[in-house]
Each structure stands twice: as structure tokens, then as C-alpha cells.
Amino acid sequence: MSPATRSGSTRKVAVVGVALSDCGRVDEATPYALHAQAARRALADSGLARDAIDGIASAGLGTLAPVEVAEYLGLRPRWVDSTSVGGATWEVMAAHAADAIAAGHANAVLLVYGSTARADIKAKRRTSNLSFGARGPLQFEVPYGHSLIAKYAMAARRHMHEYGTTLEQLASVAVQARTNAATNPDAMFRDPITVDEVLDGPMIADPFTKLHCCIRSDGGCAVLLVAEDYVADCASEPVWVLGAGEHVSHTTMSEWDDFTVSPAAVSGRLAFGRAGVTPGEIDVAEIYDAFTYMTLVTLEDLGFCEKGEGGPFVEKGRLLRDGGLPTNTDGGGLSAQHPGMRGLFLLVEAVRQLRGQAGEGQVRRADGTLPELAVASGTGGWFCSSGTVVLGR
């Protein structure tokens, strides 16, 4: 598949380097060290020299991210992005980077992330927080103990009420994610689970039991995007950015028009339209999955099934590596790793699948060939934001 030219663009944009840092239980490293480890590995994957990088995008670390991260990595970029919209950050940043490269404002942009969220809690360097604060719009919800997970739980209950979605259907998302994780050596949890085990787990926020919720891990990753001019000098096969979209919905729950519709309904439509492809052409989907309901409703809103049909859609193994729509093929945030803002991991896995570098977890089309099209869709906050990126070989 030849890369599509973005509207108004002068240069095509490719991903040429992807990598994870050490992930899972990483007790001795700092977040900066994980940034550096992932960045070095992604650069090695690309085959380019460090001085080729003239742009950097990072969020979630330090007072002046990405300035502090750039300094730690020894970079002096002429293009930076510190957009922070939660889990959707990295898909939104990828869209911004692709536009900047296409317009000639940068040639090679590094997206990099690292977090020791799990290790910090274990070492009591931080505590688990109930909310993000009590100022601004949040002041109207925080006094009532309305935590982030409670907001997702409310949305899931509304979908169940409106469309008859069942707990078993939501649980099947977790089961399939764990099955996909079984072939991923970087996944934190690989042992199989059953629907009954998901349903019988300790209640976290009704209807979510423990296994409906993402894991807490350490880890980082990096993605290097470059202008088409650089591709010939790269060691890896390029994966082209075909289209991207972003959208923000709300922050106050009372301002959310419909709990059953996520902002991916807009970002997905934009991304697919700009890429010139349809959801039916996608071979692999990487979806942000802090909770099982996120996967289900995002699949609906991206157009893989009609609104309200997400429950039946996710049943019967459709999300497995050999299913009808391989989804979260590395095990996702439910089983592989979730060190915080996981959106960049979605891009890494999508690229590896398109390159044929996913090892035992590699997806193949019905005719045995490698996938040609993938979508990565990140969600931030409590369905507050969404970024969607379509990639192709």
C-alpha cells in the first residue's frame, strides 16, 4: 500500500523506529532512565544517528516537559510538543508531529515516555490518589468521592441500561486481552483467566471487578517519526502515517451529552477520512483499555460495529490474534503493561504488527500475509479526549 498524502502536506511521514524500555516490575530505574532506554532502542531500531532528531514530544514528567526530557537525552530540538490530554496524548502528539514534518517544520520527531508508577507506590514515594484535584470544574464532583474509575463505571452502567450489554460481555474483553498477552514476553500477566474469574473478583467500582481494570506497571516506550526523505537511510521498514484525528469532549460529567458515546466517534471519523480507508479495511486495532468498557465503546465509535452492538461484537473471540478483528494484540493495559499514559504503547504494537515483528503474537491475514492497515486509538481522562491514528505499510 502506498502512503497517502495528507491534505495540504508536502511530505509523507513514516514511523521508522519503535521500542519499549524495560517494563513490568522495574524497581531500580528512574523515569528519566526509562525514557533514555526507550529512546536509545528506538533510535537503534531506525538506524539513524541521534543528531538526526530535531523534534521531541513528551509529557507527564518533570516541571517543564519536554524540556527536561530533551536535556536528559542530550537533545536540542527545534520543534517540541508537550500536549497532555491523558491516555490520548500520544496519538494526538503523533498527529501534531506528522503535520509538523509534512510542513517542513521538523524532519525527525521522537515521541518518548517513561513511568515508574508501580515502583513509586511500592517504595512509598507516592500514594494512590482519589482524584486529580479539587479546583476548577472538578470542584463540583470531588467532594462526593467521584473518582476516575467511578466515572468509567457509571458510563459502563449506562451502556448496559441502554443496550443490554452484559457483565459477561465486558469480562470477555479482559479474557481475550489476557489470551493475547500469553504470547507476549513483555507482558506483565500471561496466565489465562476465565469470564467467571473476572466476574468473581473483588469489586473496585460497580460493575468493575479487579480484572475489569488495567494493571499498574512500570515502563516506557518511544516512537520515531521522520520525513519520507529519511526513509532510504533507515534500517527498518517504514510504516506510513496515513491519517489522524483528535477530539475533546468534556471534563465535567454533567457536560457529557451521552455516556455511551466516546470522543473516538469524532477522532476516528476524521482519521479514517483523512487516510482514505474504512474501518472494514483495518487488519489490527490497538485500543486504549484502562477498563474493559473502554475497548467495547471505542470499537463502536470507531465504526467497527453499530452503536449498542459492542457487547455481541466482542464475544466469541473476535478480539483474539486470530479473531475477526485482532485487538490489543500485546495484551493491552489489562494484561501487558500500563505505567500511566499508555497511548504510545498502542503505536509501538501497531507498527510491530505491520512490520511482522510481533513474534508468536504476530497477526496474519486470512491468506497468510502480514496485516497492511492498523489503527491506534487512545482515550484520555474519563472519555474526555481521543486521538486516533491510521497506519499502513
Side-chain angles (χ1 to χ4, degrees), residues 1-4 6 13-15 18 88 90-92 94-95 98 173 176-177 180 223 237-247 262-289 294-307 309-310 312-332 343-358 361-379 386-393:
M1 175 167 294
S2 60
R6 294 164 62 85
V13 180
V15 178
V18 297
W90 305 102
E91 282 68 37
V92 171
V173 174
Q176 291 173 81
N180 289 341
V223 170
E237 178 186 355
V239 169
W240 301 96
V241 178
L242 304 183
E246 57 197 270
H247 181 58
S262 78
V266 176
S267 70
R269 183 177 70 248
L270 292 173
F272 287 128
R274 291 164 180 168
V277 303
T278 66
E281 297 175 81
I282 295 296
D283 298 308
V284 178
E286 306 300 339
I287 307 295
Y288 205 105
D289 62 339
M294 293 176 74
T295 304
L296 184 149
V297 77
T298 304
L299 289 169
E300 289 182 348
D301 291 335
L302 292 178
F304 291 110
C305 61
E306 294 297 320
K307 176 54 61 181
E309 295 182 2
F313 183 85
V314 301
E315 290 181 317
K316 300 179 180 178
R318 193 186 295 266
L319 310 184
L320 296 175
R321 187 181 73 250
D322 56 356
L325 180 66
T327 299
N328 295 342
T329 46
D330 63 344
L344 195 54
F345 289 82
L346 309 180
L347 292 168
V348 172
E349 178 65 12
V351 169
R352 286 179 169 176
Q353 287 290 344
L354 293 176
R355 285 181 178 175
Q357 296 176 333
Q362 181 63 51
V363 170
R364 293 198 174 269
R365 305 171 85 187
D367 61 1
T369 59
L370 292 176
E372 292 192 355
L373 290 171
V375 64
S377 189
T379 301
S386 177
T388 302
V389 179
V390 179
L391 301 168
R393 288 195 293 114

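What you are looking at is a predicted structure, and each value in this text was computed from that prediction instead of being measured.
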With side chains defined as the heavy atoms from C-beta onward, is the minimum distance between [X] and [Y] less than 4.5 Å?
{"X": "Asn180", "Y": "Leu320", "value": "yes"}
{"X": "Val223", "Y": "Val351", "value": "no"}
{"X": "Asn328", "Y": "Glu286", "value": "yes"}
{"X": "Thr295", "Y": "Leu319", "value": "yes"}
{"X": "Ile287", "Y": "Leu299", "value": "yes"}
{"X": "Leu370", "Y": "Arg365", "value": "no"}
{"X": "Phe272", "Y": "Val375", "value": "yes"}

What residues form a ring pair (Phe, Tyr, Trp, His ring centres under 6.0 Å) with Phe345, not counting sequence neighbours?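 For Phe345 there are no ring pair (Phe, Tyr, Trp, His ring centres under 6.0 Å) partners, ignoring immediate neighbours.
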Please report the C-alpha distance between Asp301 and Arg269 in whole Å, then the side-chain angles of each, then the deciding distance to 0.1 Å, and finally whether the salt bridge (Lys or Arg N to Asp or Glu O under 4.0 Å) criterion is met. CA-CA 9 Å; Asp301 291 335; Arg269 183 177 70 248; over 6 Å; no
So, taking the atom named [atom1] in [X] and the one named [atom2] in [Y], what distance separates them when rounded to the nearest 0.5 Å?
{"X": "Ser262", "Y": "Leu302", "atom1": "OG", "atom2": "CG", "value": "7.0 Å"}
{"X": "Glu246", "Y": "Ser267", "atom1": "CD", "atom2": "OG", "value": "9.0 Å"}
{"X": "Tyr288", "Y": "Thr379", "atom1": "OH", "atom2": "OG1", "value": "8.5 Å"}

Listed by chain and number, what are the side chain to side chain donor-acceptor pair (under 3.5 Å) partners of Glu309, not counting sequence neighbours?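 None.
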Set of side chain to side chain donor-acceptor pair (under 3.5 Å) partners for Asp322, sequence neighbours left out: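 So Asp322 forms no side chain to side chain donor-acceptor pair (under 3.5 Å) with any residue.
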Indicate the atoms forming the closest heavy-atom contact of [X] with [Y], along with that distance.
{"X": "Gly361", "Y": "Gln353", "value": "O-NE2, 3.0 Å"}
{"X": "Gly323", "Y": "Pro326", "value": "O-CD, 3.6 Å"}
{"X": "Ala95", "Y": "Ala244", "value": "CB-CB, 3.6 Å"}
{"X": "Ala98", "Y": "Val13", "value": "O-CG2, 3.4 Å"}
{"X": "Leu347", "Y": "Ala376", "value": "CD2-CB, 3.8 Å"}
{"X": "Ala88", "Y": "Gly387", "value": "CB-N, 3.6 Å"}

Determine whether a donor-acceptor pair (N or O, by modelled atom type, separation under 3.5 Å) exists between the side chain of [X] and the backbone of [Y].
{"X": "Gln176", "Y": "Thr327", "result": "no"}
{"X": "Glu281", "Y": "Thr278", "result": "yes"}
{"X": "Asp283", "Y": "Leu373", "result": "yes"}
{"X": "Asp330", "Y": "Glu349", "result": "no"}
{"X": "Gln362", "Y": "Gln357", "result": "yes"}

Quickly, which of Ile282, Leu354, Val284 forms a side chain to side chain contact (heavy atoms under 4.5 Å, CB included) with Leu391? Name it, please. Leu354
Donor + acceptor pair across side chains of Thr388, Glu91 (<3.5 Å):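 Checked: Thr388/Glu91 side chains show no N/O donor-acceptor pair below 3.5 Å.
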For Phe313 and Leu325, what are the C-alpha separation, side-chain angles and deciding distance, and is it a side chain to side chain contact (heavy atoms under 4.5 Å, CB included)? CA-CA 10 Å; Phe313 183 85; Leu325 180 66; 4.0 Å; yes
Could you walk me through whether Arg274 and Leu242 pass side chain to side chain contact (heavy atoms under 4.5 Å, CB included), step by step? CA-CA 7 Å; Arg274 291 164 180 168; Leu242 304 183; over 6 Å; no
